[in-house]
Number of protein chains: 2
Amino acid sequence: MCNAGRIIVNNKAESMAMADDETRAPRVDAPVLDGHRPTRPTLKTIAYMTGLGITTVSRALNDAPDIGADTKKRVRLVADQIGYRPNRAGVRLRTGKTNVISLILSLDEEILGLTTQMVLGVSEALADTGYHLIVTPYDRIKDPLDPVRYVVETESADGIILSSTRENDPRVQYLLDRGFPVATHGRTGLGPVHPYFDFDNETFARIGVEQLHARGRTRISLIAPPSTYFYSQHMIKGFVDAMEKFELLEIPIRSLTIDDPLDTIHSEIERLMHSKHRPDGIICGNVSSALTAAVAIENAGLKVGVDVDLVTKHSAELIRRVRPEIFVINEDFRKAGNFLARALIETIAGKSAAELQFLDVPE
Amino acid sequence: MCNAGRIIVNNKAESMAMADDETRAPRVDAPVLDGHRPTRPTLKTIAYMTGLGITTVSRALNDAPDIGADTKKRVRLVADQIGYRPNRAGVRLRTGKTNVISLILSLDEEILGLTTQMVLGVSEALADTGYHLIVTPYDRIKDPLDPVRYVVETESADGIILSSTRENDPRVQYLLDRGFPVATHGRTGLGPVHPYFDFDNETFARIGVEQLHARGRTRISLIAPPSTYFYSQHMIKGFVDAMEKFELLEIPIRSLTIDDPLDTIHSEIERLMHSKHRPDGIICGNVSSALTAAVAIENAGLKVGVDVDLVTKHSAELIRRVRPEIFVINEDFRKAGNFLARALIETIAGKSAAELQFLDVPE
DNA sequence: ACTATAATCTGAAACGTTGCAGTATTTTCT
DNA sequence: AGAAAATACTGCAACGTTTCAGATTATAGT
């Protein structure tokens, strides 16, 4: 039973004293070699080499319960030795499993480094899983459902990661309706039914206000994300709550959002700086608005860190270097990507979504 | 011969006066329906609906020469109507064509937005081609050949786009040896054998020097890329040539490269600013070094744009806004990605590389 | 000794596609 | 009219994998 260490070419021969030629002959034909280069090994190659059937080899590699331990070991050895890698097209055709994760990104996400960091985080998580990452950016002008529908209709991935989520995100709804695995960067209003990773923008805004308060600032503005994004509400809530708590005065620039053209942000802030009731602290929903605001403030003859304090959030170290006078709260997109990829894979494997939701609380 | 406008269910029936039931019966069984949801259409579905053979449908959709024009039209109509999309796994298994482009990026490319812009450009070019984009970042610590080998060995893409190319890039050599389509961001020293898109860093440096000269600067430094990158040579050549032409004095900081940690760059520049022979102009090989240098200069009590001028190159608009006093020459990564994707597809289609090389000359 | 049971292994079929080697039918040529 | 050639269509097989329903042998139970 235990014949470890012994080299067995064909373990059937033993019990067959009068074995005829048929028995010794491999049950599978040798794979045809094309030109001169060695062709890529398949199950057939291994079957031929081990003298086993293709089915057995397949089951052995997949650790099926009805294959002998010795056989498994032997098959694995040969497979490793010749560098066997399952043919993805074969698996996909047979099982429908693509081993692909689709990352769908809005083009607006050029928020310095979001794309890069997300891709990195996701790749990191996927590295040893056999999953490939396919990235699809989409135009904000086009229907955001398009790329999602494409993936579902062509069955070109096992799961989707979405960003820029809305409270009632039709893309997420579409996917949930069809039972298609999805993980989102940002919460939706749909409850514990899909995995997500969200930065706690409420806490971010609260901390921002606290910081400004601690620096003695009293008249504070917020450049929020457009109200179409769910996280806009969170940020505003954190802001308002903290403002009330410290009894500070909000200088409203609610018409302005971080998605406005930088020119608009610039001129609006510059105008504000010249007004009698200018703020002495601004919380900026993203980096580009913060950097733009900084320039506008200086254009107005004021100094960031002296006359006005700025708070924002970001992932990249660079910003602290470029504008050390801006308070930066860390938001880690890479961590987000990493978490989402892992969560999505677990979802595909059947795990329930409730345990795969993460709120990243800053500080 | 011409029966346009007439609806033909089975064009065979016409010539068969005494057609028995066999003739009218479709030659292909109806595709089995699983649950309640309509199953995804395949060639078989169309064959059943049109009464044609599977082969005919396939050939009709692929515009084969031996299929009648009417049939083609009819098949296409049905296919479009029911939203047929070829099964990628089927095609891939049969033909070996993956319809995938692999973009392999070095992690260091966090150069603000390079990844994002490249991905965008590539996606843009791939949008209507049926190609998918799979992105693989890799660690600079690991063997850069790893991801390349993986793609080749598992045949998981039809072509590869590489960045951070070296003069004698082993990855490119590896791919060329195996006849695997590759396009590179940046030239190599291998000649007109593979497509590339390169930014003309020689011209960039020359223009930089000219700009500084025009502003009356005479003592100039260059923060170059590490000499391992081929484009480092180009940049240095452009720099040196122009310096000689205008008889300017180089203040060498050759030990410093754009890949050094930002802390190093910062302290080195600050130190330099305090030295007796400080430069009054610096050309920075990338944005992060330029931004870092700007802060260092101010830390030393000097003013960018007044005491020292900075020149750099970049893709994103943001930088001009954050630091309007820095000269920025435009390097369009998106264009690069777009070109490379197109070039790669043409290479896969068999076009010769010589026509697919592009040098992007600034200004 | 004879049968149920467990333990291993197996070929056939199928997933969707395309290249090959045909088969009918019609048209053209002599 | 008869042969040759062109036109339009088609089965079959194969790509590499896994599921299914056995098949074979050894083991245990009576």
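In what follows, every heavy atom counts, from backbone to side chain, and hydrogens, waters and symmetry copies are set aside. Protein chains get the first letters and strands the later ones, always in sequence-line order, with residue 1 at the start of each. Note that the structure is predicted; figures quoted are calculated from it, not measured.
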From the options [options], select the nucleotide whose nearest atom is closest to the side chain of [X].
X      : options                  : answer
L43(A) : dT17(D), dT8(C), dT10(C) : dT17(D)
I67(A) : dA8(D), dG16(C), dC9(C)  : dC9(C)
R94(A) : dG19(C), dC15(C), dA8(D) : dC15(C)

Contacts of type side chain to side chain donor-acceptor pair (under 3.5 Å), residue [X], not counting sequence neighbours:
X       : value
T136(B) : none
Y131(A) : K97(A)
T55(B)  : none
E155(B) : none

Find the distance [X]:[atom1] to [N]:[atom2] and express it as a whole number of Å.
X      : N       : atom1 : atom2 : value
D63(A) : dT8(C)  : CG    : P     : 13 Å
Y48(A) : dT10(C) : OH    : P     : 16 Å
N62(A) : dT8(C)  : CG    : P     : 17 Å
I54(A) : dT19(D) : CD1   : P     : 15 Å
N99(B) : dG16(C) : CG    : P     : 18 Å
R74(A) : dC9(C)  : CZ    : C1'   : 12 Å
I46(A) : dG16(D) : CD1   : P     : 12 Å
L93(A) : dC15(C) : CG    : P     : 9 Å

| query | Is any side-chain heavy atom of H132(B) closer than 4.5 Å to a side-chain heavy atom of R88(B)? | reply | yes

| request: Decide yes or no for I82(B) and M49(B): does some side-chain heavy atom of the first lie under 4.5 Å from some side-chain heavy atom of the second? | output: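 Yes, at least one pair of side-chain atoms sits under 4.5 Å.
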
Please list, pair by pair, any protein nitrogen or oxygen found under 3.5 Å from a nitrogen or oxygen in nucleotides 21-23 of chain C.
none

| said: Checking P181(B) now: which residues fulfil side chain to side chain contact (heavy atoms under 4.5 Å, CB included) with it, not counting sequence neighbours? | reply: L344(B), T347(B), I348(B)

| Five-pair end axes of the helix from dA1(C)-dT30(D) to dG19(C)-dC12(D) and the angle they enclose, rounded to 10° |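 For the helix from dA1(C)-dT30(D) to dG19(C)-dC12(D), the axes at opposite ends meet at about 60°.
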
| request: Please determine if a side-chain N or O atom of T95(B) lies less than 4.0 Å away from the OP1 or OP2 oxygen of dC15(D). | output: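 It does not, given that no N or O in the side chain of T95(B) lies less than 4.0 Å from OP1 or OP2 of dC15(D).
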
For [X], enumerate each residue passing the ring pair (Phe, Tyr, Trp, His ring centres under 6.0 Å) test, keeping only those at least two apart in sequence or located in another chain.
X       : answer
Y174(A) : none
H194(B) : none
F339(A) : F197(A), F358(A)

| query | How should the glycosidic conformation of dG11(D) be described, syn or anti, under the criterion that syn lies within 90° of 0? | reply |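 Classified syn.
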
| task | Would you mind classifying the nucleic acid contact of S58(B) as base, sugar-phosphate or nothing, using non-hydrogen atoms under 4.0 angstrom? | result |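 The residue S58(B) makes base contact.
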
| T55(A) near the nucleic acid: base, sugar-phosphate alone, or nothing, with a heavy-atom cut-off under 4.0 Å? | base

| message | Any residue in residues 81-91 of chain A with a heavy atom nearer than 4.0 angstrom to DNA chain D? Just list them by number, or reply none. | response | Y84(A), P86(A), N87(A), G90(A), V91(A)

| Does E153(B) CD have over 12 foreign heavy atoms under 6.0 Å away? | yes

| field | Where at least one partner belongs to residues 48-68 of chain A, residue pairs that pass salt bridge (Lys or Arg N to Asp or Glu O under 4.0 Å), sequence neighbours excluded | value | R59(A)-D66(A), D63(A)-K72(A)

